[in-house]
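I have placed the structure first, in the form of structure tokens, so that the comments after it can refer back to it.
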2 protein chains.
Amino acid sequence: MEITIDIEDPIPLFTQLVEQIKAAIIESKIKPGDSLPSIRQLANDLELNSKTVAKAYKLLERDLVIQSRGYRGTFVHPEALINSKMDLNADVIAQLNFAISACKKAGVTDSEIRIAFSCAMNSKNN
Amino acid sequence: MEITIDIEDPIPLFTQLVEQIKAAIIESKIKPGDSLPSIRQLANDLELNSKTVAKAYKLLERDLVIQSRGYRGTFVHPEALINSKMDLNADVIAQLNFAISACKKAGVTDSEIRIAFSCAMNSKNN
DNA sequence: AGTTGTTCCGTGTGTGGTAATGGTACATCT
DNA sequence: AGATGTACCATTACCACACACGGAACAACT
């Protein structure tokens with residue numbers, strides 16, 4: 001598994017990590033069940049902060065691409081191949097796009113939408 | 001029509017203007033068909049920039065509270081009384097709240113939602 | 001000629017979010 | 001003992017945006 005992190009790249013480091021791991025799975029360089037290096041170890045290898053790697057791992061686990069078995073290490077998810085190709089954000093963008101374009105058609109200003117958005121984000125109605 | 005603008009108030013100046021004009025209509029201090037001072041004149045009276053007053057007027061016109069008849073001046077909208085009580089933003093917030101909480105329940109990160117939001121705002125799908 | 005609403009250019013300040021860094025601590029497994 | 005993922009505290013730099021301000025110009029009305 002060869003991972004290259006480019007600090008000069010405007011793409012966030014944790015995003016680079018996530019993308020490259022997903023790519024490695026799609027290219028079958030890593031297969032379901034394989035073990036991944038620990039957060040601290042990978043952070044050392046790539047000269048990154050362990051928090052940055054932890055963030056990437058957390059996102060990958062949420063997307064069911066990897067599985068962290070607690071103290072036993074982290075492994076590639078059984079259905080990692082399918083889930084690596086899924087783009088959760090696409091659905092999110094579609095959903096928001098619908099609500100936003102509805103607002104725009106109703107004549108709501110962009111800045112008003114932005115204000116309403118941060119209102120909705122900060123409210124605790126989960 | 002007595003309008004008071006408080007510069008120290010954290011509420012934006014144009015918002016104060018909008019609210020007070022709506023209040024004046026609800027309290028029947030101004031009635032449908034009445035003429036409103038011009039943008040520049042009101043800006044002078046309140047010691048505001050004309051842009052600030054123009055912004056307030058534009059919003060009031062969108063909400064069908066006032067009517068600008070081009071070069072003939074600005075007047076109170078026939079149905080101003082009803083429209084002054086409506087809160088467009090409330091509907092917007094509700095609509096966004098629905099989409100956002102759906103995303104959160106799907107496990108989408110707050111920052112991911114924000115990114116998707118700015119994506120949707122910048123896209124040209126009107 | 002003067003005023004109307006509108007639109008374009010721009011400047012400056014303040015707020016808030018993201019990204020990344022660091023340190024410390026925890027319970028649990030090998 | 002040593003490593004695991006995870007949680008909390010924090011700071012720094014950057015960037016996008018809201019708000020308000022200023023100047024200038026436009027076409028069309030009185």
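Below, each value reflects all heavy atoms present in this structure, side chains not excepted, and no hydrogens, waters or symmetry copies. The sequence lines fix the lettering, A, B, ..., with proteins before strands; numbering per chain opens at 1.
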Let's see if you get this right: which residues in residues 5-13 of chain A place a heavy atom under 4.0 Å from DNA chain C?
A:Pro12, A:Leu13

Compile the donor-acceptor pairs under 3.5 Å between side chains in residues 5-14 of chain B and protein atoms, sequence neighbours left out, one pair per line.
from, atom 1, to, atom 2, distance (Å)
B:Asp6, OD1, B:Glu8, N, 3.1
B:Asp9, OD1, B:Ile11, N, 2.9

Taking only residues two or more places apart in sequence, or in another chain, which ones meet A:Glu79 in a side-chain hydrogen bond (donor to acceptor under 3.5 Å, both in side chains)?
none

State which residues pass side-chain hydrogen bond (donor to acceptor under 3.5 Å, both in side chains) with A:Thr52; sequence neighbours excluded, sorted by chain then number.
none

Roughly how far, to the nearest 0.5 Å, is the CD1 atom of B:Ile30 from the CG atom of B:Leu81?
11.5 Å

Chain B reaches DNA chain D, atoms under 4.0 Å from its heavy atoms, from D:dC19 to D:dC29

Distance-only criterion, 3.5 Å: show the donor-acceptor pairs between side-chain atoms of residues 34-45 of chain B and protein atoms not counting sequence neighbours.
from, atom 1, to, atom 2, distance (Å)
B:Asp34, OD2, B:Lys31, N, 2.9
B:Ser38, OG, B:Gln41, N, 3.1

Taken in chain and number order and not counting sequence neighbours, the residues that satisfy side-chain hydrogen bond (donor to acceptor under 3.5 Å, both in side chains) with B:Gln95 are none

Qualifying residues under side-chain hydrogen bond (donor to acceptor under 3.5 Å, both in side chains), relative to B:Glu112, sequence neighbours excluded
A:Arg62, B:Thr109

Can you pull every protein N or O that's under 3.5 Å from an N or O on nucleotides 3-12 of chain C?
from, atom 1, to, atom 2, distance (Å)
C:dT4, OP1, B:Ser38, OG, 2.7
C:dT4, OP2, B:Ser38, OG, 3.4
C:dG5, OP1, B:Thr74, OG1, 2.9
C:dG5, OP2, B:Ile39, N, 3.2
C:dG5, O4', B:Gly70, O, 3.4
C:dG5, N7, B:Arg40, NH1, 3.1
C:dG5, O6, B:Arg40, NH2, 3.2
C:dT6, OP1, B:Glu61, OE1, 3.3
C:dT6, OP1, B:Ser68, OG, 3.3
C:dT6, O4, B:Arg40, NH2, 3.4
C:dC8, N4, B:Lys51, NZ, 3.0

So which protein N/O to nucleotides 14-16 of chain C N/O distances come out below 3.5 Å?
none

Please identify each residue that fulfils salt bridge (charged side-chain N to carboxylate O under 4.0 Å, His left out) with A:Lys22, with sequence neighbours left out.
A:Asp63

All salt bridge (charged side-chain N to carboxylate O under 4.0 Å, His left out) counterparts of B:Glu47, not counting sequence neighbours:
none

